[in-house]
Each structure stands twice: as structure tokens, then as C-alpha cells.
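This report concerns only the one structure given below.
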Amino acid sequence: LNQTPAIESEFNRIRAIQHELGLSSSRVKLGIGDDAAICEPPKENLLLCSDAMVEGIHFDFKYTSFEDLGFKALAACLSDIAAMNGEPLYAVISLALPRSISKKNIQEFYQGAKAIALQTKTDIVGGDLTASKTGFFVDVALVGNAKSPSTRSGAKPGDFLAVSGLPGASRAGLFALQNFPLSSCSRSLLQAHLRPQPRFDLLPALRASQACTSLIDVSDGLSSEIHHLAESSQVGFLLEEALVPLHPDARKLSADAFEWALSGGEDYELLATFDQMKVEQEGIPNGFKIIGRALEPNQGIQMQRIDGTRSPLVATGFDHFASS
Ligand SMILES: [Mg+2]
């Protein structure tokens, strides 16, 4: 890549911002500034994941501030660590910057990332910067630790299917941003869309109960995530519409609130299956609500509507390659 001296010096200034905002706990021996960071290895299993967000596909600066984007890009990747029943350790963040992006924009981006990093005790230890001829691009990679990782593959027929939080709230927040003035939008829906919280808070209860048989986070919408669990665990599922908890403000906004839960995505809630007997003995772990059951694989993936009719549950989650 041929970079003009002007771009190169701008990059140096941005590296200074990264350096300033990068966090360092004692487990980081050498942070931002060298060819690679030097960090203490995880104590148990090393988790490694990444998450990319592209302007025009995942976000629009009409509705998202740089600070919100920094927060959300890291939060989305952190959610994958939560979905493995792990805790985050180190993050590297790479950005591709169009010419229109100012130093202040980047500072705001890192302030947002720093807020969620501090909250989740994640060290930002490096990354890369490049120019972009089209939109803004961000890639976050994370290293985490998991004593006993939860995967997508342990569900068995009869298990309860349960979700945390209020799925569809993020999509409802986007709908509000797109259709109403900011001042009249529900704060809580905006928060769900712009500043999603990875659900590390639910993991202590989940670990204590030992009832969890499979775990995934809701990044693409309930319907797609249920299909992912079904495929990995080789089971069927029944989702009951009447049991799915929806945000009251989303219900007020539109009759599509349930559709948003199915296919809206970006909720970063946890979707889990729980052993039936353990749940009957000790209840469902705090923060989860039962929304269905795992079935035999030959029963397929079904949805029961409020009126009692059943139909196949189609994976309608966010499709990044769809043309519309
Ligand atoms: Mg995930």
C-alpha cells in the first residue's frame, strides 16, 4: 500500500491515541507500541475470536456516533467470549479509515471502546491502521480464558430452550432511530442498539447451576441462532411465541416486535439449553427465560404461534450477503 507522507503522519497521531487509551493491567508485559504485545497466557483454555463491522453493512454514521461504534464493535466480540462461558483478556483493534475521518473521530471511537474494555476488564493491546478508499471498517480480535467452555453442541432432546434479556430490542432501537427524532426514541431501546451489553453478568449463575447444555449469543436473531444450536447439537427445537419476552417499548413501536426478536439480531443476549431435570430441581439460572424445548432431530425446528398453530421456524436472521 502506497501511503502519502500526510496519511503516514496522521497514522502516527492516531497511534498516539491508541497508546493513550490502551489499557494495561499487570498481565500485560508490553502493550501498544512494539511489533506485538507481550501478555501472560490464559490460565485455562485460550479462547480466540474476531468480529468485523463494515460501514453500510453493520452501521450507518447517520445513527451511530464514533463513540457508540467503538463500544459496540468491542461489545459484539466480547459477546462471543461470554457465549463460550469465558472471560476476556486481551483485544486488538484494526481500523480502515476513509479520508473523511478526523483525529477527533478516532479519539471518540477509542473512548467508546475503552468504556466497555474497562467495564469487562479487557486490555486493548494493539491493532493495525490502514486507509480505506470506501467506508469505515473495524475488526476486533479477542483472547479470552475459559475454565469450562460452553459450546453449541451439547443440547439434547427434552432440554429447555431459554434466552436472556429482551430479544428484538436492538432492532427496535434501530427502527426508532430510522423513523423518529432522537428525542422521542425510547432510551432503553437506543441503549440496546447502540451500547449492547455482553452478558458476562449471567455467567456466575450459569456456572453454579451446571444445568446448561449448550450456549450461543444472539448476534443474528433468535431464529438463526436456534438453527445454529440445532445443527451443532443435532436436535430439533420448538419455539413458543407466547413465551418470548419482548420489550414493552418495542411492542408499542410496532406489531413487528416478535419478528424483530426472530430476525433483528445484534441483541448480544445469550441463548441456552438447560437440562430438564436440573431445571425442575433447582430452577432456571437467574436472567434466563424458557422459550421452548429441544426436540428429537427428526421433529425439525418448529414454531408455535400464539394461536396454537405450528409451522417450521425459518432462519430469517440478519443475512450479510442479502441484496436488500
Ligand atoms: Mg456468536
Side-chain angles (χ1 to χ4, degrees), residues 42 45-54 57-59 69 71-93 113 116-117 120 122 138-146 148-155 161-171 174 192-193 195-203 206-207 212-233 235 237 239 260-274 285 287-288 291 294 301 313 315-322:
N45 296 285
L46 185 149
L47 302 179
L48 180 60
C49 60
S50 74
D51 206 81
M53 287 194 176
V54 179
I57 303 283
H58 299 91
F59 60 91
L69 181 63
F71 187 102
K72 187 167 176 173
L74 188 48
C77 200
L78 284 163
S79 179
D80 280 329
I81 297 284
M84 297 301 289
N85 188 20
E87 68 261 7
L89 295 171
Y90 315 114
V92 291
I93 302 177
I116 183 75
T120 56
T122 305
V138 46
D139 179 69
V140 177
L142 268 169
V143 169
N145 176 57
S148 42
S150 297
T151 68
R152 302 175 177 188
S153 61
L161 176 69
V163 73
S164 67
L166 302 169
S170 170
R171 181 67 185 82
L174 177 61
H193 183 67
R195 298 242 168 174
Q197 291 289 333
R199 300 307 307 266
F200 294 106
D201 60 315
L202 300 175
L203 296 179
L206 194 91
R207 285 169 196 151
C212 179
T213 53
S214 70
L215 191 63
I216 192 170
D217 68 318
V218 184
S219 52
D220 293 341
L222 273 184
S223 63
S224 291
E225 310 304 354
I226 290 171
H227 274 262
H228 291 144
L229 287 182
E231 200 175 301
S232 296
S233 294
V235 292
F237 276 106
L239 172 70
W260 289 341
L262 289 182
S263 58
E266 297 197 324
D267 287 309
Y268 304 110
E269 293 294 342
L270 294 176
L271 180 70
T273 53
F274 294 102
F288 284 92
I291 56 171
I301 303 169
L313 175 67
T316 51
F318 187 59
D319 179 358
H320 306 270
F321 298 101

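Nothing here was measured: the structure is a model prediction, and the numbers come from that model. Just follow the structure's listing: the first ligand is 1, and inside any ligand the first atom is 1.
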Only one of Leu78, Asn145, Val143 passes side-chain contact (heavy atoms from CB on, under 4.5 Å) with Pro88; say which it is. Leu78
Is Glu266 paired with Lys72 through a side-chain N to carboxylate O contact shorter than 4.0 Å? yes
Total protein N/O/S atoms whose distance from the Mg ion (ligand 1) is less than 2.8 Å: 2
Closest approach of Phe200 and Glu87, non-hydrogen atoms and distance? CE2-CA, 4.4 Å
Partner set under side chain to side chain donor-acceptor pair (under 3.5 Å) for Thr213, not counting sequence neighbours: Asp159, Thr273
Quick one: which of Leu74, Leu270, Asp217, Ile116 gives a side-chain contact (heavy atoms from CB on, under 4.5 Å) with Pro198? Ile116
Minimum heavy-atom separation for Ser214 to Gly154, with atom names? CB-N, 3.8 Å
